[in-house]
There are 2 protein chains.
Amino acid sequence: MSQNTACADETTVPPDETRCYCPLGGVMDLLSRKYAIQVVCVVGALEPVRYGEVEAAFGEVSSSTLSTRLDDLTEAGLLDREQYDEIPPRVEYRLTDEGAELRALLDPLLEWAQERDGAA
Amino acid sequence: MSQNTACADETTVPPDETRCYCPLGGVMDLLSRKYAIQVVCVVGALEPVRYGEVEAAFGEVSSSTLSTRLDDLTEAGLLDREQYDEIPPRVEYRLTDEGAELRALLDPLLEWAQERDGAA
DNA sequence: CAGAATCCATTCGGATACTG
DNA sequence: CAGTATCCGAATGGATTCTG
C-alpha cells in the first residue's frame with residue numbers, strides 16, 4: 001500500500017537530529033487501523049487473554065474486524081498467539097516483548113484520550 | 001460514524017480502576033486517520049510552521065489529504081491556525097496546549113516506530 | 001469457542017484542476 | 001502560497017453465515 005520513503009528531507013529537521021518526524025510505513029500503518037492501538041492495550045492489561053475477552057472489552061466490534069486486527073498485530077510480532085487444541089478451543093493472546101514496549105507507549109495515550117473525551 | 005460506548009463493561013478491568021482500555025470515539029478516531037499522528041509531531045517539532053513546510057516534511061502527500069488532516073486537528077482543538085492576510089498568503093500552525101500534551105505522548109511513539117521499522 | 005469466508009456499503013485517500 | 005472542489009478507485013470495516 002502506501003509505501004513511504006520516510007521523511008522527504010531529513011534536513012527539514014534540525015541537522016544533528018537523525019529523527020524523522022513522519023515515519024509512515026511499518027508499525028504506524030498498522031496502528032492507524034481501527035482498534036489497533038486499543039487492542040494492544042487491552043491485551044496488555046488482561047494478558048493472557050482469550051479472544052472472547054478481547055471481544056467483550058469492546059462493546060460493538062464485528063468478529064471479522066477484530067480477528068483481522070489480532071492477526072495483523074500477531075504477524076507484526078507484537079502479539080503472541082497460543083492455541084490449545086482442546087474442545088472447546090482456547091486461544092490466548094499476550095504481548096511479545098516488543099508489544100510490551102509499544103504498550104508502555106500507548107497506554108498513556110489512551111488514558112489521556114479517555115480523560116479528554118470525557119472531560120469534553 | 002462508529003459511535004462508541006467506551007468499554008463494554010468497566011468491570012472487565014480491575015474494579016478499582018476507572019480506566020477504560022478501549023476508548024473508541026473522540027481523539028482516537030482522529031488519530032487513526034492517515035498522517036494524523038505524524039502531523040501532530042511535525043507541527044510540534046517545527047512550530048510555528050507553514051503549510052508548505054508541513055507538506056515538505058512528508059514526501060508524497062496530496063494537498064487535499066493533508067489539508068483535511070490539518071483541518072481535523074484544528075477543529076479538534078489540537079492545532080491552532082493563524083492566517084495572515086498578506087500577499088502571498090501565509091498561514092502558521094502551532095500546537096494548542098492540548099496539542100502539546102498529545103505531542104508529548106506521541107513523539108516517543110514515532111521515535112520507537114522509526115527505530116523498529118529501521119532495525120527490521 | 002474462536003475464528004474464516006463472503007459480500008457489500010462506506011469511507012478514505014490520491015490525482016487533478018482551479019482560486020483568492 | 002495555501003489551500004478548495006470534484007471525481008474516482010482502492011481499501012477498510014461491518015454483517016452474516018458457517019465450521020473445526
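As a basis for the values below, the full set of heavy atoms in this structure was taken, side chains included, without hydrogen atoms, waters or symmetry mates. A note on names: the letters A, B, ... follow the listed sequences, proteins ahead of strands, and every chain is numbered from 1.
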Sub-4.5 Å side-chain heavy-atom contact between [X] and [Y]:
{"X": "A/L102", "Y": "B/L109", "value": "yes"}
{"X": "B/E47", "Y": "B/L95", "value": "yes"}
{"X": "B/E55", "Y": "B/S63", "value": "yes"}
{"X": "B/S32", "Y": "A/Y35", "value": "no"}
{"X": "B/T74", "Y": "B/Y93", "value": "yes"}
{"X": "B/E53", "Y": "B/V42", "value": "no"}
{"X": "A/L30", "Y": "A/R69", "value": "no"}

Tell me whether the side-chain N/O atoms of [X] come closer than 4.0 Å to OP1 or OP2 in [N].
{"X": "B/R90", "N": "D/dA2", "answer": "no"}
{"X": "A/Y35", "N": "D/dG14", "answer": "yes"}
{"X": "A/K34", "N": "D/dG14", "answer": "yes"}
{"X": "A/R33", "N": "D/dG13", "answer": "no"}
{"X": "B/Y51", "N": "D/dT4", "answer": "no"}
{"X": "A/R50", "N": "C/dA2", "answer": "yes"}

> Which residues pass the salt bridge (Lys or Arg N to Asp or Glu O under 4.0 Å) test with A/D80, sequence neighbours left out?
Replying inline: none
For [X] and [N], what is the distance between atoms [atom1] and [atom2] respectively, to the nearest whole Å?
{"X": "B/E92", "N": "D/dG3", "atom1": "CD", "atom2": "P", "value": "11 Å"}
{"X": "A/E55", "N": "C/dG3", "atom1": "CD", "atom2": "C1'", "value": "9 Å"}
{"X": "A/L66", "N": "D/dT16", "atom1": "CG", "atom2": "C1'", "value": "16 Å"}
{"X": "B/E53", "N": "D/dG3", "atom1": "CD", "atom2": "C1'", "value": "15 Å"}
{"X": "A/F58", "N": "D/dG14", "atom1": "CZ", "atom2": "C1'", "value": "15 Å"}
{"X": "A/L24", "N": "C/dG13", "atom1": "CG", "atom2": "C1'", "value": "13 Å"}
{"X": "B/D71", "N": "D/dA2", "atom1": "CG", "atom2": "P", "value": "14 Å"}

> What residues form a side-chain hydrogen bond (donor to acceptor under 3.5 Å, both in side chains) with B/E92, not counting sequence neighbours?
Replying inline: B/Y84, B/R90, B/R94
>> Restricting to side-chain hydrogen bond (donor to acceptor under 3.5 Å, both in side chains), what partner residues turn up for B/Q83, sequence neighbours left out?
In response: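 Partners of B/Q83 under the side-chain hydrogen bond (donor to acceptor under 3.5 Å, both in side chains) test: B/R81.
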> Backbone N or O of A/V61 within a donor-acceptor pair of the A/T65 side chain at under 3.5 Å?
Replying inline: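 Pair absent, no side-chain N/O of A/T65 close to backbone of A/V61.
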>> Any side-chain to backbone donor/acceptor pair from A/T96 onto A/L78? Under 3.5 Å, distance only.
In response: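 It does hold such a pair.
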> What residues in residues 77-88 of chain A put a non-hydrogen atom under 4.0 Å from any atom of DNA chain D?
Replying inline: none
Protein N or O to nucleotides 15-20 of chain C N or O, pairs below 3.5 Å:
unit_1: C/dA15; atom_1: N6; unit_2: B/S64; atom_2: OG; d: 3.3

> Given axes from five pairs at either end, by how many degrees does the helix from C/dC1-D/dG20 to C/dG20-D/dC1 bend, rounded to 10°?
Replying inline: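 Helix axis angle between the two ends: 60°.
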>> So A/S67, base contact, sugar-phosphate only, or nothing? Heavy-atom distance under 4.0 Å.
In response: sugar-phosphate
